[in-house]
Amino acid sequence: MSDAPEGRPGAEVPDRRGRTGLHRTGLDLAGNPRVLITEVQLLSSSWYVNRRTVFEFQHSDGHWSTEERETHDRGNGATVLLYDPARRTVLLIRQFRYPAYVNEHPDGMLLEVPGGLLDDDAPEAAIRREAHEETGYEVGEVQHLFDAYMSPGSVTEKLYFYAAPYDGGTGVSARAGLAHEGEDTEVVELGIDDAIARIGDDIIDAKTIMLLQWAVLRGPFAR
């Protein structure tokens, strides 16, 4: 017989991250009077959380309908563009992304800005941690740019966007990442003009495109 406690992980009993009560998330929302949440079903809770939510929604003509949505909750994250204004370069990483690989990307190796989940840290602290882990650079003063929901139709994640200078004159390490977390990142330094030209080619990650465009429209490389 199993000694595991009865109940659903993440609901009545802790999941692998020690969380409970995840089947009640959203039931107390009251910010929009046109939305009345009536049911939350916890579909899975491992590292991330998947839910099915039923709610009543009042349309613009006044009638109400019953709607159902599934959401994927991976927590919030932060990302940063590291740039060298004097040398007109940016620091990116190349890493394997299985979701892209399984959805028609040739090899799953994407060029991206550093970033990761907050993991209970404040956004600025998290991005300093992630930048160091993924590039080997210690990040000094960072600039908060904006926040954005990256896929609001189904994913709850909000991403905090930052920019920070780095000293490219000290040389760029070839590889970084935390081995015990399965990370194996290649550190790639590009000229900003080259990086912009590669958008839509081998730079197809949304957060990276957003930060590169900010850099030339309003950031350190704006003209």
Side-chain angles (χ1 to χ4, degrees), residues 17 47-48 74-101 105-148 150 157-199 201-216 218-222:
R17 298 183 71 178
W47 196 252
Y48 305 139
R74 62 191 302 270
N76 294 329
T79 188
V80 63
L81 178 69
L82 300 178
Y83 63 90
D84 183 334
R87 298 170 60 246
R88 291 185 56 81
T89 57
V90 293
L91 205 62
L92 306 181
I93 59 173
R94 181 180 283 112
Q95 60 182 324
F96 178 69
R97 295 296 204 183
Y98 177 74
Y101 185 45
H105 190 279
D107 60 8
M109 304 298 294
L110 266 61
L111 265 175
E112 306 177 37
V113 287
L117 297 179
L118 302 186
D119 290 335
D120 299 324
D121 285 336
E124 184 175 323
I127 202 52
R128 291 179 186 278
R129 179 195 71 226
E130 292 293 331
H132 177 64
E133 291 176 357
E134 295 185 345
T135 69
Y137 277 82
E138 295 286 352
V139 175
E141 183 178 356
V142 298
Q143 176 187 0
H144 176 241
L145 306 177
F146 51 83
D147 309 329
M150 299 304 291
E157 179 185 32
K158 179 167 65 175
L159 202 58
Y160 299 84
F161 286 75
Y162 290 87
Y166 76 99
D167 184 4
T170 62
V172 177
S173 59
R175 309 203 74 85
L178 297 181
H180 70 273
E181 292 187 3
E183 294 180 346
D184 182 7
T185 59
E186 177 189 358
V187 184
V188 180
E189 186 178 58
L190 296 177
I192 183 60
D193 295 329
D194 184 21
I196 291 294
R198 291 164 73 165
I199 291 176
D201 183 8
D202 61 345
I203 296 181
I204 54 175
D205 169 69
K207 64 183 181 296
T208 305
I209 294 171
M210 293 166 70
L211 282 172
L212 290 174
Q213 290 179 336
W214 166 84
V216 296
R218 299 174 58 187
F221 308 117

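Model, not experiment: these values are computed from the prediction.
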*Asks:* Cation-pi check for Trp47 against Arg17: NZ or CZ below 6.0 Å from the six-membered ring centre and within 45 degrees of the axis, yes or no?
*Replies:*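 Judged by the rule, Arg17 and Trp47 form a cation-pi pair.
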
*Asks:* How close do Asp84 and Asp167 get, heavy atom to heavy atom, and via which atoms?
*Replies:*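 Shortest heavy-atom contact: OD2-C, 4.3 Å.
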
*Asks:* Is the shortest heavy-atom distance from the side chain of Thr89 to the side chain of Leu190 under 4.5 Å?
*Replies:*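 Not touching, per the 4.5 Å side-chain cut-off.
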
*Asks:* Donor-acceptor pairs under 3.5 Å, side chain of residues 111-120 to any protein atom, not counting sequence neighbours: which ones?
*Replies:*
| from | atom 1 | to | atom 2 | distance (Å) |
| --- | --- | --- | --- | --- |
| Glu112 | OE1 | Arg97 | NH2 | 2.9 |
| Glu112 | OE1 | Lys207 | NZ | 2.7 |
| Glu112 | OE2 | Arg97 | NE | 2.7 |

*Asks:* Identify the heavy atoms of Tyr101 and Pro106 that sit nearest to each other, and give their distance.
*Replies:*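 Nearest heavy atoms, Tyr101 then Pro106: CE1-O, 3.5 Å.
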
*Asks:* Check whether any side-chain heavy atom of Val187 sits under 4.5 Å from a side-chain heavy atom of Glu189, and report yes or no.
*Replies:*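 No, every pair of side-chain atoms sits at 4.5 Å or beyond.
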
*Asks:* Among all residues two or more places apart in sequence or in another chain, which pass the side chain to side chain donor-acceptor pair (under 3.5 Å) test with Glu124?
*Replies:*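 Here the qualifying residues are Arg128.
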
*Asks:* Mind telling me whether His144 and Tyr162 have parallel, tilted or perpendicular rings, with 30° and 60° as the class edges?
*Replies:*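 The arrangement is tilted - the two ring planes meet at 30° to 60°.
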
*Asks:* Taking the six-membered ring for Trp, are Tyr166 and Tyr137 parallel (under 30°), tilted (30 to 60°) or perpendicular (over 60°)?
*Replies:*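 Perpendicular, since the angle between the ring planes exceeds 60°.
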
*Asks:* Rounded to the nearest 0.5 Å, how far apart are NE2 of His132 and CD1 of Ile127?
*Replies:*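 Reported to 0.5 Å precision, the distance equals 13.5 Å.
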
*Asks:* Please report the shortest heavy-atom distance between Ala215 and Ile192, naming the atom on each side.
*Replies:*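 Scanning both residues, the minimum pair turns out to be CB-CD1, 4.5 Å.
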
*Asks:* Do His105 and Leu110 come within less than 4.5 Å of each other through their side chains, counting heavy atoms only?
*Replies:*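 Result yes, sub-4.5 Å side-chain heavy-atom pair found.
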
*Asks:* Check whether any side-chain heavy atom of Arg218 sits under 4.5 Å from a side-chain heavy atom of Gln213, and report yes or no.
*Replies:*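 No - every pair of side-chain heavy atoms lies 4.5 Å or more apart.
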
*Asks:* Kindly indicate, with the supporting measurements, whether the criterion side chain to side chain contact (heavy atoms under 4.5 Å, CB included) is fulfilled by Leu211 and Val80.
*Replies:* CA-CA 8 Å; Leu211 282 172; Val80 63; 5.8 Å; no

*Asks:* Which heavy-atom pair separates Ala78 from Leu159 by the least distance, and what is that distance?
*Replies:*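 Where Ala78 meets Leu159 most closely, the heavy atoms are N-CD1, 3.5 Å.
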
*Asks:* With a 4.5 Å limit on heavy-atom distance, are the side chains of Glu186 and Ile93 in contact?
*Replies:*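 Not in contact.
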
*Asks:* Report the distance from atom CZ of Arg94 to atom CG of Asp202, rounding to the nearest 0.5 Å.
*Replies:*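 Here the rounded value is 6.5 Å.
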
*Asks:* Under a 4.5 Å cut-off applied to non-hydrogen side-chain atoms, are Val216 and Ile196 in contact?
*Replies:*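 Sidechains of Ile196 and Val216: in contact.
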
*Asks:* What are the two closest heavy atoms between Ala148 and Phe161, and how far apart are they?
*Replies:*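 Looks like CB-CE1, 3.8 Å.
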
*Asks:* Between Arg198 and Asp194, is the closest basic N to carboxylate O distance under 4.0 Å?
*Replies:*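 Here Asp194 pairs with Arg198 in a salt bridge, since their nearest N and O are under 4.0 Å apart.
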
*Asks:* Let's go through Arg88 and Asp193 carefully: what are the C-alpha distance in whole Å and the side-chain angles of both, what is the deciding distance for side chain to side chain contact (heavy atoms under 4.5 Å, CB included) to 0.1 Å, and is it a yes or a no?
*Replies:* CA-CA 8 Å; Arg88 291 185 56 81; Asp193 295 329; 3.4 Å; yes

*Asks:* Can you confirm whether Asn76 sits close enough to Tyr160 that some side-chain heavy atom of one is under 4.5 Å from a side-chain heavy atom of the other?
*Replies:*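 Yes, side chains in contact.
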
*Asks:* Between CG of Leu81 and CG of Leu91, what distance do you get to the nearest 0.5 Å?
*Replies:*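 The CG atom of Leu91 is 9.0 Å from CG of Leu81, to the nearest 0.5 Å.
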
*Asks:* Would one find more than 12 heavy atoms of other residues, nucleotides or ligands at under 6.0 Å from atom CZ of Phe146?
*Replies:*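 Enclosed.
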
*Asks:* For a 4.5 angstrom cut-off between non-hydrogen side-chain atoms, does Leu212 reach Ile203?
*Replies:*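 Leu212 vs Ile203: side chains touch.
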
*Asks:* Taking all non-hydrogen atoms of both residues into account, name the closest pair between Val139 and Ala164 and its distance.
*Replies:*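 Where Val139 meets Ala164 most closely, the heavy atoms are CG1-CB, 3.6 Å.
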
